[in-house]
2 protein chains.
Amino acid sequence: MVSIKDVARHAETSFKTVSRVINGDTRVRPATRERVNEAIQALGYRPHSGARMMRSARSNIIGFLSDRVTTQPHSGDILRGAQQMADAHGRLLLLFNIDAEAGDEHRRRAFELLMEQRVDGLLYACDYHRDVELPPEMQQLPAVLVNGFSTTTALPALVPDERLAAQQATRLLLAEGHRHIAFLAPNPRSVATPLRTAGFHDALIEAGLEPSSQAIITACVGTPGGEEEYRVESALAQLMSAATPPTAILCGQDRIALQLYLALARRGLTPGRDLAVVSFDDQQPISGALTPSLTTMALPHLEMGRQAMTLLLEGDPPPGTLTIPFSTTLGCSHRRV
Amino acid sequence: MVSIKDVARHAETSFKTVSRVINGDTRVRPATRERVNEAIQALGYRPHSGARMMRSARSNIIGFLSDRVTTQPHSGDILRGAQQMADAHGRLLLLFNIDAEAGDEHRRRAFELLMEQRVDGLLYACDYHRDVELPPEMQQLPAVLVNGFSTTTALPALVPDERLAAQQATRLLLAEGHRHIAFLAPNPRSVATPLRTAGFHDALIEAGLEPSSQAIITACVGTPGGEEEYRVESALAQLMSAATPPTAILCGQDRIALQLYLALARRGLTPGRDLAVVSFDDQQPISGALTPSLTTMALPHLEMGRQAMTLLLEGDPPPGTLTIPFSTTLGCSHRRV
DNA sequence: ATCGGCTGTGACAACGTTGTCACGCTACTC
DNA sequence: GAGTAGCGTGACAACGTTGTCACAGCCGAT
């Protein structure tokens, strides 16, 4: 491998001057600088990050520890956002993904390996919004938690603003004139569920409606096997047979919306025409394929990844949880009946 | 930061002996080894990868250059698989994701940055199965291409076996007794489309059927805007109004299957009961939410990631393209009418 | 003419680690 | 009892880079 000394020899100067050129030191005569740059080109010289690291005690590498990320579809957007901002700051991302099956000691080892690489900071990303128990040693370096929060550690954390999103989604339906809105709630064990329910309530109260008069049905439950089971067909049957059936349905997840689309189709009903539908998540494979197009609150995964990295690199992030708003993906499904 | 010399001082030995202990050299007296290990624990010593790198000219890091991976849902499984095997071999993954918007010079820079980190090898992952133009400098180090192939470079490559998968999927339907099978083909501009079509033909011929008598309809076309447009509703109408309507439909993509489910529901038809349906990809958000459960040929993304990394680390992979079989996700939708 | 400061350059040490070589000690062979 | 082999250990150099310091040459101010 060609080193800085080879370049110096080729450019007929000292290797120190080459170092200066590489690091943009202004105190190099233009002619010398030119010679050095030519030599670098000619020899295909690449600075050795290891040696740099040793001298400067910085690696320009950020560790990305992901807790089952990429298991859930599209949560990889966190990674993508983080990568974008890391790149913008001239950093690289060292990835370590912990699979669901892996135990705590695996996570500890992952952390250890990243530390050996002398990463300058750490992002810890969760696959879905949840409370995560972090090993205390994680406080040894600047770290930001993404898509999760930690009650045991005082780390800055970024989570999606579930409550606000639910409020916004409900407002969309209220603005279309709906007064009977049902909520098909996701898995009650999910952190997001009570928050989305609360946001639903917020909007109703704001509109002068009585939350208790609106139907909330749990449409997804976890099975003992860890799988999730959906009960949308029966929920819809229950809703439609009520004294005053809803004219709009807020789905707690795109998967629920998908099932609702199917259940409606079986009844000869079309979302956005016979019944308004709004959903959460904006999972592309679903939201991009449903017709009529689904109006859904898009999880800000990309944005969280970007902001987390920015926070880590620019800010001196205060401990505490920051909420990031969803964005609204407007389709036709929420339109006025 | 605590160094090897601090450990040596604490263990009352030379720093060289500490180095031996760390590197598992057997020629260290057990008592000494014990002392050293205690010192390492006590001081929280972590070897400095940069220094190691400099001495050994190896980084134990594999570069993962991804061409828009994580843009497509679930292609992140390639990353996950690669990570699994890298970990199993004691390597770390340095990620660089190139977004769709980015130009060629961005990719070149990404490569350059990975080289500066002295990665021991490189995985180049595509978001979907396609031909990819690679910069020639990529041949400077061991590299494997995943989910794509390169006609301009002689690199080992791994791609999903589209043709075989289509044949297997079709066989499933034939085994259920179907003799009239339609194929709703994906975007004709996709590399997978002709291969899946060929596999469909293979199975028909194998079963003594005349391919030309089976309907093939393109159900997805690219729009000038880069988006994809689905035409499943009209395709189904066309199929069902034919003289001999199909009793089974092979969908070229899960997204098509999703639309087919909806179109069938509108007609009061149920997949797996009134009409057999088999699909490709196994995109979790769709395949996990459709009822009746979808029978679909699962893209071997995880497996490709694993094998690519294994090839890179263990084998001396020969140039050329290797095909990896899909796995079959059995649902109810392919069942006998 | 002398001095002080600025500019461009280079010599040298240091970062933390591993490879090479050599040393002293023990245990075995003849 | 001398020679030899091997084991455990340490001294030292080297990896490629940057930080510190010094020096030579030039300029303008005194």
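All values derive from a computational prediction rather than experimental measurement.
Of the residues in residues 28-40 of chain A, those lying under 4.0 Å from DNA chain C by heavy-atom distance are A/Val28, A/Arg29, A/Thr32. Sorted by residue number, the members of residues 16-27 of chain A with any non-hydrogen atom under 4.0 Å from DNA chain D read A/Lys16, A/Ser19, A/Asn23.
Using modelled atom types, one finds no donor on one side chain facing an acceptor on the other under 3.5 Å when comparing B/Arg35 with B/Asn37. A donor-acceptor contact closer than 3.5 angstrom is absent between the side chains of B/Glu116 and A/Ser49. Remark: the B/Asp99 side chain and the B/His106 side chain contain no N/O donor-acceptor pair separated by less than 3.5 Å. B/Glu314 and B/His89 share a donor-acceptor pair across their side chains, judged by distance under 3.5 Å alone. In the model, A/Asp67 has a side-chain atom that pairs as donor or acceptor with a side-chain atom of A/Tyr124 under 3.5 Å.
When rounded to the nearest whole Å, the span between CZ of A/Arg9 and P of D/dG16 equals 11 Å. B/Glu12 places its CD atom 11 Å from the P atom of D/dG10, with the value rounded to the nearest Å. If you measure from atom CZ of B/Arg118 to atom P of D/dC15, you get 14 Å, rounded to the nearest angstrom. Put simply, CZ on B/Phe15 is 13 Å from C1' on C/dT20, counting in whole angstrom units. Distance A/Arg55 CZ to D/dT18 P: 9 Å, rounded to the nearest Å. What separates CZ of A/Arg58 from C1' of D/dG19 is a distance of 16 Å, to the nearest Å. As rounded to whole Å, 15 Å separates atom C1' of D/dA14 from atom CD1 of B/Ile4. Atom NE2 of B/His48 and atom C1' of D/dC15 are 14 Å apart (whole Å).
Within the 4.0 Å cut-off from OP1 or OP2 of C/dG16, not a single side-chain nitrogen or oxygen of B/Arg52 is found. Dashed line: the shortest gap from a side-chain N or O of A/Thr13 to OP1 or OP2 of C/dG10 is under 4.0 Å.
A salt bridge links B/Arg46 with A/Glu112: the distance from a Lys NZ or Arg NE/NH1/NH2 to an Asp or Glu carboxylate oxygen falls below 4.0 Å. The residues B/Glu34 and B/Arg29 are annotated as not salt-bridged, no charged nitrogen and carboxylate oxygen being separated by less than 4.0 angstrom.
One finds the CD1 atom of B/Ile61 at 9.5 Å from the CG atom of B/Leu93 (value rounded to the nearest 0.5 Å). Between atom CG of residue B/Asn97 and atom CG of residue A/Asp87 there is a gap of 10.0 Å, rounded to the nearest 0.5 Å.
The two atoms that bring B/Pro319 and B/Ala154 nearest to each other are CB-O, 3.6 Å, heavy atoms only.
Checked against the 6.0 Å centroid criterion, the rings of A/Tyr128 and A/His301 do not qualify as a close aromatic pair.
Rotation axes derived from the C1' atoms of the five outermost pairs at either end of the helix from C/dA1-D/dT30 to C/dC30-D/dG1 lie 50° apart, to the nearest 10°.
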